[in-house]
Protein chains: 4
Amino acid sequence: MSKVQKNKKEKEDSLYTAAYDLFTTKGIHNTAISDIVKKAGVAKGTFYLYFKDKYDVLDKIILNKSTEILSIAIKKTNSEEFLNFEGKLLYFIDYIIEYLKENKLLLKLIYKDLSWGVIKKAYKDYKEINEIFGMFEEGFKDSNLDKEDIEKVLFMIIELTGSVCYNCIVLNEPADIDKMKPILFNTIKKII
Amino acid sequence: MSKVQKNKKEKEDSLYTAAYDLFTTKGIHNTAISDIVKKAGVAKGTFYLYFKDKYDVLDKIILNKSTEILSIAIKKTNSEEFLNFEGKLLYFIDYIIEYLKENKLLLKLIYKDLSWGVIKKAYKDYKEINEIFGMFEEGFKDSNLDKEDIEKVLFMIIELTGSVCYNCIVLNEPADIDKMKPILFNTIKKII
Amino acid sequence: MSKVQKNKKEKEDSLYTAAYDLFTTKGIHNTAISDIVKKAGVAKGTFYLYFKDKYDVLDKIILNKSTEILSIAIKKTNSEEFLNFEGKLLYFIDYIIEYLKENKLLLKLIYKDLSWGVIKKAYKDYKEINEIFGMFEEGFKDSNLDKEDIEKVLFMIIELTGSVCYNCIVLNEPADIDKMKPILFNTIKKII
Amino acid sequence: MSKVQKNKKEKEDSLYTAAYDLFTTKGIHNTAISDIVKKAGVAKGTFYLYFKDKYDVLDKIILNKSTEILSIAIKKTNSEEFLNFEGKLLYFIDYIIEYLKENKLLLKLIYKDLSWGVIKKAYKDYKEINEIFGMFEEGFKDSNLDKEDIEKVLFMIIELTGSVCYNCIVLNEPADIDKMKPILFNTIKKII
DNA sequence: GATGAATGAGCGTTCATTCAT
DNA sequence: AATGAATGAACGCTCATTCAT
């Protein structure tokens with residue numbers, strides 16, 4: 001990588017980092033582009049060399065972070081041995097919950113704008129996300145559900161888990177995440 | 001009600017209506033207070049006699065509309081006869097889904113800011129919402145779940161239904177709501 | 001006029017005056033709205049209560065000033081006695097030339113954006129401008145030209161006079177206005 | 001011409017062409033230097049190797065194009081035979097009008113900034129433009145006008161023609177150019 | 001209670017210009 | 001000679017909020 005290329009990468013990265021820090025601490029609404037560039041230590045115009053507007057950075061951050069989490073979780077899950085699919089899935093979900101428990105601000109940021117569409121996009125572009133679908137299909141191979149229905153069940157489990165995480169971790173409603181987990185896991189067991 | 005009081009009520013109502021119309025059609029972000037007062041046909045200063053700011057109206061609208069929907073649904077459900085609790089619950093949920101299907105813009109508006117906290121608040125203040133909890137507790141009376149756990153299950157069913165409605169009706173992801181319904185109902189059956 | 005109305009008029013007038021002064025001295029391109037409001041002694045937002053943007057004030061200034069000049073000139077001309085139409089027309093034109101000679105900056109400002117369309121607009125709205133057309137038609141009543149052709153001749157005389165004024169007074173090209181006048185007048189005599 | 005010099009010429013030409021295209025289609029105000037270089041396919045810095053700023057290219061374009069038109073018109077006129085000076089002059093003017101009728105965008109671009117000064121400059125530098133003055137002086141040799149007055153008459157005819165072209169072709173005011181032509185030609189006949 | 005003119009901080013965005021490569 | 005990433009002053013414009021009437 002040339003010196004110029006390296007410098008560009010550094011600027012872009014510092015903008016990402018600054019935006020992420022401000023979005024999570026001050027909120028998206030309260031973060032101005034001038035705040036981001038000030039924190040990143042670059043000129044205002046530089047921002048527009050890399051991003052269209054505030055929501056452009058946000059979208060890219062959400063996609064990156066979401067993919068990162070799922071990627072780590074699936075990698076970790078695949079490195080372990082399980083008796084059955086149920087155990088594997090619950091381990092995977094538990095890993096994500098524990099991760100988000102430690103990254104409350106990240107959870108707050110990504111949940112509101114994380115949609116099934118984003119996940120589907122990541123699924124196409126990233127090998128690791130693809131593996132989640134693979135794991136899920138494998139787990140359901142003995143059932144009489146077709147591929148589309150399996151996807152719908154996965155969608156519901158993800159949405160349910162996401163909702164529970166957001167409400168319990170961020171809002172502490174209706175209960176603490178640790179108190180909620182057994183019920184959630186029980187529910188997921190019933191679903192699959 | 002005196003003439004003055006009636007006039008006040010009219011102004012407040014016109015502000016509510018104008019705000020609701022603009023929020024649903026133009027979006028919250030793109031609606032300014034000046035837009036609301038122009039549409040409502042009142043002076044700018046008048047807005048501040050009734051509301052703190054834009055988000056104050058929004059919160060009140062969400063609370064009102066949410067309560068209204070749930071209230072209608074529970075009233076309708078109570079006017080019918082059912083063989084068992086499962087049938088009753090699914091009828092109740094189906095009614096809400098069908099309602100939101102017809103009111104896509106409303107769904108879009110309330111979902112993003114509808115939290116368990118709002119529902120809990122409505123539950124304390126409105127008789128009809130209270131009945132939903134009553135119906136649910138009644139349905140679980142034979143199980144060995146305590147009151148808190150029952151509430152958690154209800155919470156999950158509501159969150160799951162809300163997520164499915166938002167994704168399928170507003171975003172059409174991962175499938176049309178009518179294609180998703182059987183899976184959702186099946187899942188709810190498994191949960192209870 | 002109420003106090004509020006008077007105050008509004010004052011603000012608008014001060015914006016007009018400030019804009020005119022800056023446009024003529026610094027040029028349109030080099031005048032920012034912040035300059036105008038600073039000079040006018042009002043807040044930035046106040047500008048937008050009265051005008052759409054910089055070019056909105058400009059258009060209105062051009063229309064006002066143009067109408068004003070023509071209005072004064074026709075009034076003055078009508079107060080004098082003439083042997084024939086030719087004398088009357090040349091007096092009218094001479095009056096305008098002398099006026100613009102004393103108001104070089106105004107000439108510079110209005111010429112570039114003064115079009116026949118603006119004059120036609122003023123002709124419909126202002127009684128005095130209308131009289132110019134009347135005077136012209138009266139002068140041509142013995143010719144065999146129809147109304148439309150008379151208008152075309154008037155148009156050419158105005159354009160020619162305007163061009164000569166701008167070039168000779170503002171740019172001093174190809175000669176001083178006083179040296180050019182005889183040729184211009186001679187030409188106009190030939191035209192009518 | 002060396003390869004390097006050829007390359008330089010190519011770059012400069014592509015900048016001219018790009019600027020001309022953008023000025024005529026998007027307008028001068030709405031064309032940024034970044035637009036020009038993008039269209040020309042050169043780097044931003046390269047622009048400054050050839051031009052001072054946006055108005056530098058503009059001035060050069062106006063001078064080039066104006067000279068080009070006049071040059072073609074005089075060449076064409078000189079290749080024809082005429083009974084008298086009047087016929088020759090009107091042919092010359094008509095040629096220019098027809099040319100501008102087909103090049104509305106060019107007319108729009110050059111008119112606003114085309115001054116007698118530009119023509120005088122071209123007259124000194126370009127042989128063909130010089131011939132126009134020659135033709136004119138030749139045509140007036142029997143009158144008792146001195147050289148300076150002849151120039152003034154020429155100036156007025158050019159300004160009048162220019163005004164009529166701009167208003168009738170670009171703005172369609174006060175009439176279509178073809179409807180205006182007879183009156184214009186008649187007027188010019190009267191002037192000379 | 002109701003008004004709406006006035007405010008001005010603050011926003012996103014542009015773009016001519018520079019200069020190390 | 002050519003590049004194009006970086007700059008940052010400057011801009012137009014918005015809009016929540018105030019307050020004299």
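Proteins get letters first, then strands, A, B, ... in listed order; numbering begins at 1 in each.
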Residues 30-43 of chain B, side-chain donor-acceptor partners within the protein, below 3.5 Å, at least two apart:
{"from": "B:Asn30", "atom 1": "ND2", "to": "B:Lys26", "atom 2": "O", "distance (Å)": "3.3"}
{"from": "B:Thr31", "atom 1": "OG1", "to": "B:Leu22", "atom 2": "O", "distance (Å)": "3.4"}
{"from": "B:Thr31", "atom 1": "OG1", "to": "B:Gly27", "atom 2": "O", "distance (Å)": "2.7"}
{"from": "B:Asp35", "atom 1": "OD2", "to": "B:Lys26", "atom 2": "NZ", "distance (Å)": "3.1"}
{"from": "B:Asp35", "atom 1": "OD2", "to": "B:Ala32", "atom 2": "N", "distance (Å)": "3.0"}

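Pairing each heavy atom of B:Asp21 with each of B:Thr25, the nearest pair is O-OG1, 2.6 Å. Closest approach of A:Tyr20 and A:Leu106 over heavy atoms only: OH-CB, 3.3 Å. Taking every heavy atom of both residues into account, A:Leu105 and A:Thr24 meet most closely at CD2-O, 3.3 Å.
None of A:Phe51, A:Tyr50, A:Phe47 except one satisfies the ring pair (Phe, Tyr, Trp, His ring centres under 6.0 Å) rule with A:Tyr16; the exception is A:Phe51.
One atom, NZ of A:Lys9, and another, P of F:dA6, lie 13 Å apart when rounded to the nearest Å. Distance, D:Lys11 NZ to F:dG4 C1': 13 Å, rounded to whole Å. Taking atom NZ on D:Lys8 and atom C1' on F:dA2, their separation rounds to 12 Å, with Å as the unit. Atoms CZ (B:Phe51) and P (E:dG1) sit 14 Å apart, rounded to a whole Å. Here E:dT7 presents its C1' atom at 13 Å from CG of C:Asn7, a figure rounded to the nearest Å. Rounding to whole angstrom units, CG of residue A:Leu49 and P of F:dG4 are separated by 13 Å. Look at CG on A:Leu15: it is 15 Å from P on F:dA5, rounded to the nearest Å. For D:Lys6 and F:dA2, the NZ to C1' distance is 19 Å, given to the nearest whole Å.
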inquiry  = At under 4.0 Å between heavy atoms, how does the protein contact nucleotides 13-21 of chain E? Give one character per nucleotide, 5' to 3', with B, S or -.
reply    = BB-BBB--S
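Among the heavy atoms of the strands, none lies under 4.0 Å from B:Val37.
Atom NZ of A:Lys54 is surrounded by more than 12 heavy atoms from other residues, nucleotides or ligands within 6.0 Å.
Within the 4.0 Å cut-off from OP1 or OP2 of F:dA1, not a single side-chain nitrogen or oxygen of D:Tyr50 is found.
With a cut-off of 3.5 Å on both Watson-Crick or G-U wobble distances, the partner of E:dA20 is given as F:dT3. Partner assigned to F:dA10 is E:dT13, using Watson-Crick or G-U wobble distances below 3.5 angstrom.
Scored by the ring pair (Phe, Tyr, Trp, His ring centres under 6.0 Å) test, C:Tyr111 finds C:Tyr166 as partners (sequence neighbours excluded).
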